[in-house]
Amino acid sequence: MIPFLDLHKINARFEDAFTAKFKSFLDSGHYILGQEVETFEQNLANYCGSRHCIGVANGLDALTLIFKAYLQLGKLAEGDEVLVPSNTYIASILAVINAGLKPVFVEPDAQTFNMAPSEIEKHISPKTKVILVVHLYGQLADMDVINRIAKEQDLLVVEDAAQAHGAVANSKNEIPNSKMEKAGNLGNAAGFSFYPSKNLGALGDAGAITTNDGALAIALRLLRNYGSSKKYVNSTLGVNSRLDELQAAFLNIKLKQLDADNERRRAIAKRYSSEVKNEKISLPFYDGSNNHVFHLYVIQVEDRAHFIKHLETEGIGYLIHYPIAPHQQEALSAYQHLSLPIAEKLQQTVLSLPMSPVMSEIEIETVIASINRY
Ligand SMILES: *Cc1c(COP(=O)(O)O)cnc(C)c1O
């Protein structure tokens, strides 16, 4: 049996470091918003090349709080429209709705699975204020074009970078500092998730926001901690969405491994892309650059139910990202009337193959051989 993702094997690599860290964490007696959170915020900001990083409780909160902070700062108003990809994970859309804003669904490019720039302009109305870009499956969206449209139309760009930690833009615009081109630093603000299965995953829930906007960073620091910068003094209406100190400690250890892990994911993806040869299977678009960190390797197959039977017989793990398009979810019934044919088609054909930095050569070969036998 080849698992879709072996989280224990991923984390077992850090067992000694985690154990030592836990002991000193326990001994410290300081368990909320301590040195580890502060260090992780600095580490992630440096890693992304962004000025500020604010640790929060999870990826959904990261996105929701960005919108709430913009509302507090008067840059957004209730009911403003946010463009979101129609084929994203539901969290992107919930963040918009939970902040009192209105999601407007934009179809993806069927090749890259990312928001199609040509579709964006069609959906811009006088109420549009934000483009929420999702770097789906780990591949950066077309940020050159998206940022150009945003500039022309005076829109904010928020990145949902939950699947794209470490992806680097191969921008055609010459940006001198290459650090400036990483996921998390390609718009006005970005939300990260460190859910255990992400490329950088905690041992529980965790999230962060990166931005170069100082006023936004200040508002977010207050928001995530009861609107308070000083204990028992509350200046804004906040929430409790702090990054857990222990999770930050684990993330500080794991961040050092992220680039090597992403490199390994790309190597596996390259093997899949060159060695899977089956005309019933469509392989994902990949330009060969570091703009993709292969959070997921997503193929398409017309008769997916039949292919799944084959994988199950052969003991190959898989998942579907995602089986129901957001606008067809019961929770989003207000959007059920929309016709979004690309998202609707993708939900029926996509399938994610086993992908993780700890897959063995034999596991990779077994997956490839099994698909080629289908
Ligand atoms: C995982 C994920 C989120 C949400 O992250 P949580 O930490 O689970 O709240 C948001 N957007 C995308 C695209 C994700 O994959």
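Remember, it's 1-based here, ligands and their atoms both numbered in the order they're listed. All of these numbers come straight from a predicted model, not from anything done at the bench.
Protein heavy atom at the shortest distance from atom 9 (O) of ligand 1 is L60 N, 2.8 Å. For atom 13 (C) of ligand 1, the nearest protein heavy atom (residue, atom name, distance) is D160 OD2, 3.4 Å. The protein heavy-atom contact nearest to atom 7 (O) of ligand 1 is S193 OG, 2.6 Å. The single protein non-hydrogen atom nearest to atom 2 (C) of ligand 1 is K198 NZ, 2.7 Å, given as residue, atom name and distance.
Of the options G207, A202, A162, the smallest heavy-atom separation from atom 3 (C) of ligand 1 is shown by A162.
Checking only distances, Q163 does come within under 3.5 Å of ligand 1, N or O to N or O.
Shown in contact with A91 at under 4.0 Å from a heavy atom are these atoms of ligand 1, numbered in order with element: 3 (C), 4 (C), 10 (C).
Checked by atom type, the side-chain pair Q300/S282 shows no donor-acceptor distance below 3.5 Å. For the residue pair Y297 and S273, a side-chain donor N or O sits within less than 3.5 Å of a side-chain acceptor on the partner.
Scanning for ring-ring contact (aromatic ring centres under 6.0 Å, His included) contacts around H295 gives an empty result, with sequence neighbours left out.
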Without placing hydrogens or testing angles, list every side-chain donor-acceptor pair under 3.5 Å for residues 332-340, not counting sequence neighbours.
residue, atom, partner, partner atom, Å
H337, ND1, A334, O, 3.3

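K75 places a side-chain heavy atom less than 4.5 Å from the side chain of D213.
Among K254, K256, R13, the single residue meeting the salt bridge (Lys or Arg N to Asp or Glu O under 4.0 Å) criterion with D261 is R13.
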